[in-house]
Amino acid sequence: MKKSHPLRRIVLAGAATVSGIVLLLTLKPSSDPAAASAEGTPQGQQSVAPQGSGGVQAAGGGDQTLTGDVVKTEYGNVQVRITVSGGKITSAAAVQAPTGGRSTEVSTNAVPKLNQAATAAGSADIDAVSGATYTSGGYKKSLQSALDKAGSSSATGGGSGGTTGGGSADASGSTGGGAAQAKTLTGTVVETDYGPVQVRITVAGGKVTKAEAVQSPSGGRSSQISGDAVPKLNQAAVAAGSADIDAVSGATYTSGGYKKSLQSALDQAGG
């Protein structure tokens, strides 16, 4: 048969077509879209974890508000919350303290003193308040647990940060500058029908970081009312950052005196 014979050309063309079809069938599995999709799923999931962990780290820094453990005493629970800034306690408050009967009067007298001592000392090494041995003991334990949390958080942030956070920080650089600007201001004594009210605040960075009643009506029913109202007024003053706070129900006179004394302290801050 001659090379140019038509039948020969037809046979060769048919063989080429069959070879091409076989080749296509051989290559198809390697580009299966279902297989590619299955491999892509785990990669997308793995990328989520690093983004999440990075967000948590970015939220750290600045002021820390730390709540200590609840300590049970013979007269009730005690729990302390502190605010730490620049390695220094700028605010301390008892979010739980013994109440009811004589316990309310004891707590009303002891807690403001313990708060003040904790802020001044910067540690749980503070003296017990006379006549409030159990409350003082519980306060110190809860305070220490809050401080332990502050220390743990500081250690997580890196070794060099924990080293420079000591006593020398107040005297150097920007770290000391923030702490130096904190001011403690005591308002005027306001006389009410049930006794004097006087408020002390701590202001840092133009913000009220702490508020406490250093005087409030006491004795009989007044002690119970003050024990209930004063912590709420303290909390409201810090949250509002002003004397525009609501009176506590059942403590109209104490609330009114508190607001006036608070305003006088804020006026000093503004001056």
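Along the sequence shown, residues are numbered consecutively beginning with 1.
Pairs engaging residues 191-225 under the ring-ring contact (aromatic ring centres under 6.0 Å, His included) rule: Y194-Y253 [sequence neighbours left out]. Each ring-ring contact (aromatic ring centres under 6.0 Å, His included) pair with one or both residues in residues 80-132, not counting sequence neighbours, would appear here, but there are none. Under the ring-ring contact (aromatic ring centres under 6.0 Å, His included) criterion, no residue pair touches residues 98-129, with sequence neighbours excluded. Listed by first then second residue, pairs satisfying ring-ring contact (aromatic ring centres under 6.0 Å, His included) with a partner in residues 81-131 number zero, not counting sequence neighbours. Identified under the side chain to side chain donor-acceptor pair (under 3.5 Å) test for residues 233-245, with sequence neighbours left out: N234-Y258.
In this structure V71 satisfies the side chain to side chain contact (heavy atoms under 4.5 Å, CB included) test together with K141, S142, sequence neighbours excluded. With sequence neighbours excluded, no residue forms a side-chain hydrogen bond (donor to acceptor under 3.5 Å, both in side chains) with D69. Take N77 and apply the side chain to side chain contact (heavy atoms under 4.5 Å, CB included) test, not counting sequence neighbours, and it matches V70, K72, Q96. Not a single side chain to side chain contact (heavy atoms under 4.5 Å, CB included) links T252 to another residue, sequence neighbours left out. Among residues two or more places apart in sequence or in another chain, the side-chain hydrogen bond (donor to acceptor under 3.5 Å, both in side chains) test is passed with T104 by none. Shown here are the side-chain hydrogen bond (donor to acceptor under 3.5 Å, both in side chains) partners of R200, two or more places apart in sequence or in another chain: Q116, T186. Applying the side-chain hydrogen bond (donor to acceptor under 3.5 Å, both in side chains) test to K210 and every residue at least two apart in sequence or in another chain returns T119.
A continuous path of Ile, Leu, Val, Met, Phe, Trp and Tyr side chains, each step under 4.5 Å between heavy atoms, connects V80 with L66, placing both in one hydrophobic cluster.
Atom CD1 of residue I89 and atom CG of residue L143 lie 5.5 Å apart, to the nearest 0.5 angstrom. With rounding to the nearest 0.5 angstrom, the OG atom of S226 is 9.5 Å from the CG atom of L233. Taking CD1 of I82 as the reference point, atom OG1 of T65 lies at 9.0 Å (rounded to 0.5 Å).
In this structure, the side chain of Q198 does not engage the main chain of V190 through any donor-acceptor pair within 3.5 Å.
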Problem set entry | V111 vs V129, side chain to side chain contact (heavy atoms under 4.5 Å, CB included): CA-CA, chis, key distance, verdict | CA-CA 9 Å; V111 167; V129 174; over 6 Å; no
For this session: Apply the test side chain to side chain contact (heavy atoms under 4.5 Å, CB included) to residues T108 and V230: give CA-CA distance (whole Å), side-chain angles for both, the deciding distance (0.1 Å), then the verdict.
Result: CA-CA 9 Å; T108 301; V230 167; 5.8 Å; no
For this session: Step by step, work out the side chain to side chain contact (heavy atoms under 4.5 Å, CB included) result for E191 and V189.
Result: CA-CA 6 Å; E191 297 289 345; V189 177; 4.1 Å; yes
For this session: Tell me, with the steps shown, if T209 and T83 meet side chain to side chain contact (heavy atoms under 4.5 Å, CB included).
Result: CA-CA 8 Å; T209 59; T83 299; 5.6 Å; no
Exercise. Can you list the steps and then say if N109 with E105 is a side chain to side chain donor-acceptor pair (under 3.5 Å)?
Worked result: CA-CA 6 Å; N109 173 63; E105 185 175 350; over 6 Å; no
For this session: Any chance you could lay out the side chain to side chain donor-acceptor pair (under 3.5 Å) test for D228 and Q224, step after step, and finish with the verdict?
Result: CA-CA 6 Å; D228 174 66; Q224 185 175 351; over 6 Å; no
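Here the closest non-hydrogen pair linking G131 and V106 is O-CG1, 3.7 Å. Between T184 and T202, the shortest heavy-atom distance links the atoms OG1-OG1, 3.5 Å. Considering every non-hydrogen atom in both I245 and K259, the closest pair reads O-NZ, 3.0 Å. The two residues P98 and T135 come nearest to each other via the heavy atoms CG-OG1, 3.6 Å. Residue L185 comes nearest to A265 through the heavy atom pair CD1-O, 3.7 Å, listed as atom of the first residue, atom of the second, then distance. Among all heavy-atom pairs drawn from A237 and A211, the shortest one is CB-CB, 3.9 Å.
Side-chain contact check for Q79 versus T67: some heavy-atom pair is nearer than 4.5 Å. Here the side chains of P112 and V214 are not in contact, with every heavy-atom distance at 4.5 Å or above.
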